[in-house]
Amino acid sequence: MAQATIDKARPVRIRRRGRVGPGVASAFAVLALFALIGLAPGLFTDTSPIETDPLAALRGPGAGHWFGTDQLGRDVFARVLHGARPSLLLGLGATVFALIGGTLWGLASALGGRVADQVGMRLADIMLSLPELLLALFVVTLLGRGTVDVMIAVAVAAMPGYARLVRAEALVVRRSGYVEAAAGLGLLRGVLIVRHVLPNAIGPLLVLGTVGFGTSLIYASGLSFLGLGAQPPSPEWGAMLSEGRGFLETAWWIGVFPGAAVTCAVIAVNVAGRHARARFAGGIAR
Amino acid sequence: MSSPPTMADAPTPVDASAPAEAAPSADPGPRAPMRLLRAVGARLVAVASVLLGAATLAFVGLKLLPGDPVATLLGPQTTASPAVRAQIRADYGFDEPVLRQYLHYLGELLHGRLGESYQLQQPVSALIGEQFRPTLELASAALGLAVVIAVVSAITTAGRRSGLRSALSAWELVAVSTPSFWLGIVLLTVFSFRLQWFPVAGTEGVQTLVLPAVTLALPIAGVLAQVLREGLETALAEPFVVTARARGLSRIAVRVRHAFRHAAIPLLTLSGWLTGTLLGGTVLVEKVFARPGIGALTLQSVNTKDMPVVMGVVLLAALVFVVISQVTDLLYLVIDPRLRKG
């Protein structure tokens, strides 16, 4: 509604589908670069991320070591590059898991009858009333620490939001004429869900999932920073930040560069997410 | 710090449906006091149901905690005899049926007792009480700062196609995308270690509060400014703005006195998200700045699997959330007279 009023107030450039502005283009370029680094960090650096060199410890950024070296003489640049895979996978895994869990939850609520709906949605209400990070910490308390546990914890915290969305979409689609027609033709319930209900819910779900990926990246690296996720020898960005916290006085670069990597990734994801949302809302992008 | 919400997906207040059902506007039936009573009653039920739900969730968590609670209680290095273990089991009621434990737990909660910490041998409420002040100071300082930054940034730039506006918009995007723990580390590096303007850690005096509050406030300010600007731009496009200008009001007076009131409504819908972000954010910020507080207590309890304390914090968060959403609902009425008719 707000969007519509703004549109009326002053002319908004309407871009044709497929054309994107420079900001969005660079966001996708950054994402592609991060994905490439995550897939093949060896393409960008020959230096080992775990090999220690006590003689070269705590050197500042310079020609030999672009991002400096840490307290054990490990090259921070190589560590940041090699950290892309575990860090991005942690966030991506949490998002995918949350999307799947949220979809099942939402479908069960929408199509599983009144009791299932009441239970499912009241649980979502309660979980949504708690801070996401606190919910994730609660789950970590139950599961213990580790990368998979943190992934699950972040996913569980994000799940009720997706569940609500899927339920709402499924309810709308279920009452539409063509689904009733399909049901009238005797289509099995499962086939109906997969073939008709899900494809309609998938658009808004993916838009929300893109924005959620950014949030998951922040929370997952945050939990690693708190010492609950990836553990120190791993070059995961949050864990590196946690190590770097102890050396701020003498060697700021140990903590600052991995954090900058998280931030760049999240900015790129958020710009891409906004673009997806704007396109989904009617192909209008300012 | 959760997904930066915009007006498109602004969360609705949790109990929006409850009062609406209780006080139907068209129904002239019961007299006004009755209606008020029913509205208040419905609200209380909504509050109680969220709290009961959170308590149940926490209790389920406690029961799902893997391992023998007695072993968790005693810690890894213990020489406790079986007799002592049995005594602890009986003292804590671990041998009772689960349903009975649950009812007992709810009964204790009604008396304001949150149980006893497994590790620190103290009541959870006392532990939370001790740590409450530094966190409250941090959260309120951050909230105040975020609101001031957002209001100034949105009022000065809404609806203007200037370089300043795009610069601020870009800054807001960076702010909402920046993990607070990294922001804190950058601020510490620059202002504490390099320039030495602020102390590195501690809670003594206002000096120690500045950097943590800024760290917590900036990402929030980014979100608030975005939502506020969008709201302001919508309001500024309304005919009443032209009327107000025609009456001779200055541009800035129109913004502050008229448009801002409209723009504040979408801002209010964010209060739930805001509370959660402040509460959750303190865990990270207190860790970065080595501050004591609820966040530090939570982290310590998560690390030692001290479930009763974690449960206490979860319940506190739920309580704060329901109180804030009730206050928010009242604020809607204060800000928007159109809603007062019910």
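Letters go in sequence order (proteins before strands), and every chain restarts at 1. Computed from a predicted model, the values in this text were never measured in an experiment. Scope of the values below: all heavy atoms of this structure, side chains included, with no hydrogens, waters or symmetry mates.
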**OP:** Find out whether B:Leu297 and B:Glu286 are in side-chain contact, i.e. whether some heavy atom of one side chain is under 4.5 Å from a heavy atom of the other.
**Re:**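 Answer no - side chains too far apart.
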
If you count heavy-atom pairs under 4.5 Å between each of [options] and chain B, which one has the most?
options: A:Phe225, A:Phe213, A:Trp252; value: A:Phe225
options: A:Val266, A:Leu248, A:Leu217; value: A:Leu248
options: A:Val269, A:Val271, A:Val262, A:Leu137; value: A:Leu137

Region of [X] that comes under 4.5 Å of a non-hydrogen atom in chain B:
X: A:Leu165; value: neither
X: A:Leu143; value: backbone
X: A:Ser221; value: both
X: A:Ala260; value: both
X: A:Arg122; value: neither
X: A:Leu226; value: both

Which one wins on heavy-atom pair count under 4.5 Å against chain A: [options]?
options: B:Thr304, B:Thr56, B:Leu173, B:Leu64; answer: B:Leu173
options: B:Ala58, B:Ala290, B:Gly295; answer: B:Ala58
options: B:Gly53, B:Ser301, B:Gly184; answer: B:Gly53
options: B:Val186, B:Val283, B:Val190; answer: B:Val283
options: B:Thr275, B:Leu279, B:Leu57, B:Asp306; answer: B:Leu57

Original post:
What residues form a salt bridge (Lys or Arg N to Asp or Glu O under 4.0 Å) with B:Glu172, not counting sequence neighbours?
Top reply: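 B:Glu172 satisfies salt bridge (Lys or Arg N to Asp or Glu O under 4.0 Å) with B:Arg229 once adjacent residues are dropped.
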
Original post:
Got a sec, which residues hit salt bridge (Lys or Arg N to Asp or Glu O under 4.0 Å) with A:Asp70, two or more places apart in sequence or on another chain?
Top reply: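 Applying salt bridge (Lys or Arg N to Asp or Glu O under 4.0 Å) to A:Asp70 gives A:Arg74, A:Arg79.
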
**OP:** Any chance you could measure B:Ile185, atom CD1, to B:Phe289, atom CZ, to the nearest 0.5 Å?
**Re:**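 One finds 9.0 Å between CD1 of B:Ile185 and CZ of B:Phe289.
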
Subject >> Interatomic distance, B:Leu138 atom CG to B:Leu143 atom CG [nearest 0.5 angstrom] >> reply: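 These two atoms lie 11.0 Å from each other.
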
Original post:
Taking the inter-plane angle between the rings of B:Phe191 and B:Trp197 on a 0 to 90° scale, is it parallel (under 30°), tilted (30 to 60°) or perpendicular (over 60°)?
Top reply: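 Judged by the thresholds at 30° and 60°, the geometry between B:Phe191 and B:Trp197 is tilted.
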
Subject >> Heavy-atom closest pair, residues B:Gly222 and B:Ala175 >> reply: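 Closest approach of B:Gly222 to B:Ala175, heavy atoms only: CA-CB, 4.3 Å.
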
Original post:
Which atom names give the shortest non-hydrogen contact between A:Pro131 and B:Gly276, and what distance separates them?
Top reply: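 Here A:Pro131 and B:Gly276 meet closest at CB-O, 3.3 Å.
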
Tell me, side chain or backbone of [X] under 4.5 Å from chain A's heavy atoms, or both, or neither?
X: B:Val320; answer: neither
X: B:Val310; answer: side chain
X: B:Leu299; answer: side chain

Original post:
So does B:Arg165 pair up with B:Glu233, basic N to acidic O under 4.0 Å?
Top reply: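 Judged by the 4.0 Å cut-off on N to carboxylate O distance, B:Arg165 and B:Glu233 do form a salt bridge.
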
Original post:
Ignoring hydrogens and geometry, is there a side-chain-to-backbone donor-acceptor pair from A:Trp105 to A:Gly120 under 3.5 Å?
Top reply: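 Yes, the answer is positive, given that a donor and an acceptor are paired below the 3.5 Å cut-off.
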
**OP:** Say whether, by atom type as modelled, one donor and one acceptor occur between the side chain of B:Ser117 and the main chain of B:Val309 under 3.5 angstrom.
**Re:**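 Pair absent, no side-chain N/O of B:Ser117 close to backbone of B:Val309.
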
